[in-house]
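Below: the structure, in structure tokens.
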Amino acid sequence: MAPVKEARIDLKPEDTAQMRAKLLDWYRRHLRDLPWRRTRDPYAIWVSEIMLQQTRVAAVVERYEQFLKNFPTVVALAHAAEADVLALWSGLGYYRRARMMHKAAKTVVEQFGGVMPASAAALRDLPGIGVYTSAAIASIAYGEPVAVVDGNVERVVQRLAGWGSESREGQAELNRKIADYATRLLDPTAPGDFNQAMMELGATMCLPKAPLCLACPLREHCKTQGEHPAPTRARMRSETAAYALVIRSQARYREILLEQRSEAETVMPGMWELPALADKEFDERHQRMAVRHAIMQVNYYVRIRTAFEDDAELLALPSGQHKWIRLRDVLGLPLTGLARKVLLRADIPELAAVPPMLPARASAG
DNA sequence: TAACCGTGGTC
DNA sequence: TGACCAAGGTT
């Protein structure tokens, strides 16, 4: 006798078999050629899954290979300095992900002899690896039959099953039902491909706003044909900010003034940024550039002012530690996303090409 | 459980 | 300009 909870899921065995076949067939013909789909190395897949958390595929594609070039194995990552790991993460956001993965790599080396845990349950014990990520790595790298539930799968299942806002149950109960459905639907003979197919379907067909139902391989099995309750919106606000680009020439090289955020900050602790201006207002003649920078619920409209070494009174340098950094070493530091963006757009010859490898340890430590 | 942690593209 | 959103985890 089936448990009550599962009995509410309307999925007949013959439907399941058809849906698996249609979805896998569609996936194998339409999958995007992404770098992490060319490997079964559990470490490389781990890196991709951490980078992909709440982050767009396009942003990850740019960083994934560079990260693996610098840290090709879990042992290499474990032996790296945290500042170097963060430097390669600069601009990706959610920096705790990088710190936790670095910490987990050390655990893998110290406790497991440098061999990645080979099951979802064991992976789950590492910092930064939760229910989703452990299932993703285990199914893709090891073929373990565990279903993933990410934002895509959640939406796809809700539409397939017709579970919408009319249900009175709590979010926790709904999440259980979704995980149950995904587990029932999972093709145990190809769990890695199947999981990726569900996510790919959500990412490219079963879109949040205007789903492409007419081209969907599962349309005949879908209860809603794309309906989905509109998610509640968070409020955004705008602010202005102003920073200084201060460059000085030394005998053989040029240096830029940067400031290191306190380790006690809750946001981007210990990372390097441009010095803030004491006064956000300044003459347009001194403006080097203007950029928008979205952080969480705030759109910052940022103006960057050109300044010089003896303009110190313009700068607000009360707490943070500031330092002159050689321009050629700057990309080796853990920069905030905003600092990185400004420097890369500032047309600075020393930064003309993003180096594929981290520079030798910068002098800013 | 809900708040918190970053970002760039796009409309 | 303002707002939305993307392969979550932690506390």
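Every chain is numbered from 1, with letters handed out A, B, ... down the list of sequences.
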Under 4.0 Å, heavy atoms only, any strand: does [X] hit a base, just the sugar-phosphate, or nothing?
X	value
A/T266	sugar-phosphate
A/R97	nothing
A/V131	sugar-phosphate
A/I50	nothing
A/Y301	base
A/M268	sugar-phosphate
A/S238	sugar-phosphate
A/A172	sugar-phosphate

Within this structure, what is the [atom1]-to-[atom2] distance between [X] and [N], rounded to whole angstrom?
X	N	atom1	atom2	answer
A/Y64	C/dA6	OH	P	23 Å
A/Q297	C/dA3	CD	P	11 Å
A/I129	C/dG9	CD1	P	9 Å
A/M205	C/dA6	CE	P	16 Å
A/E154	C/dG9	CD	P	12 Å
A/I178	C/dG8	CD1	P	14 Å
A/D125	C/dG9	CG	P	14 Å
A/R292	C/dA3	CZ	P	12 Å

**Message:** Quick check for you: to the nearest 0.5 Å, what is the distance between A/H102 atom NE2 and A/H79 atom NE2?
**Reply:** 10.0 Å

**Asked** Rounded to the nearest 0.5 Å, what separation is found between the CZ atom of A/R219 and the CG atom of A/L160?
**Response** 13.0 Å

**Prompt:** Looking at side-chain heavy atoms only, is the closest gap between A/E49 and A/W36 below 4.5 Å?
**Reply:** no

Which residues within [range] lie with some heavy atom under 4.0 Å of an atom in DNA chain C?
range	answer
residues 132-147 of chain A	A/Y132, A/T133
residues 100-108 of chain A	A/M100
residues 27-45 of chain A	A/R32, A/L34, A/W36, A/R37

**Asked** Can A/D180 and A/R184 be counted as an ion pair, charged N to O under 4.0 angstrom?
**Response** no

**A/R328/A/E350 salt bridge by N-O under 4.0 Å criterion** = no

**Message:** I need the minimum non-hydrogen distance between A/V330 and A/L335, along with the two atoms involved.
**Reply:** O-CD1, 3.7 Å

**Complete:** Winner on side-chain proximity to A/Q54, out of C/dT10, C/dG8, C/dC5, is C/dG8

**Request:** Between C/dC4, C/dG8, C/dT10, spot the one nearest the side chain of A/R124, thanks.
**Result:** C/dT10

Under the salt bridge (Lys or Arg N to Asp or Glu O under 4.0 Å) test, which residues partner [X], sequence neighbours left out?
X	value
A/R96	none
A/R40	none
A/D187	none
A/K280	none

**Request:** Give a yes-or-no answer on whether the side chains of A/N175 and A/Q171 include a donor-acceptor pair shorter than 3.5 Å.
**Result:** yes

**Message:** Looking only at side-chain N and O atoms, does A/T55 offer a donor or acceptor that is under 3.5 Å from a partner on A/R97?
**Reply:** yes

**Item:** Donor-acceptor pair under 3.5 Å, A/N299 side chain vs C/dA3 base
**Value:** yes

**Item:** 5′-ward residue of the pair A/Q171/A/R96 relative to DNA chain B
**Value:** A/Q171

**Message:** I'd like the P distance from B/dG6 over to C/dA3, given in whole Å.
**Reply:** 22 Å

**Request:** At the 4.0 Å heavy-atom cut-off to chain A, mark where contacts on DNA chain B begin and end, going 5' to 3'.
**Result:** B/dT1 to B/dT10

Which atom pairs, one a donor and one an acceptor, fall under 3.5 Å between side chains of residues 115-131 of chain A and the rest of the protein, sequence neighbours left out?
from, atom 1, to, atom 2, distance (Å)
A/S119, OG, A/A122, N, 3.1
A/R124, NH1, A/I129, O, 3.3

**Request:** Not counting sequence neighbours, which residues clear side-chain hydrogen bond (donor to acceptor under 3.5 Å, both in side chains) with A/E239? List them please.
**Result:** A/R237

**Complete:** Applying side-chain hydrogen bond (donor to acceptor under 3.5 Å, both in side chains) to A/Q53 and not counting sequence neighbours gives A/T133

**Request:** Using heavy atoms to find the nearest nucleotide of DNA chain C for A/V57 and A/L126 separately, return the residue whose nucleotide is more 5′.
**Result:** A/V57

Which side-chain N or O atoms in residues 284-292 of chain A pair as donor and acceptor under 3.5 Å with protein atoms at least two apart or in another chain?
from, atom 1, to, atom 2, distance (Å)
A/R285, NE, A/D283, OD1, 3.4
A/H286, NE2, A/R305, NH2, 3.4
A/Q287, OE1, A/R303, NE, 2.6
A/Q287, OE1, A/R303, NH2, 3.0
A/R288, NH2, A/A346, O, 2.8
A/R292, NH1, A/N299, OD1, 2.8

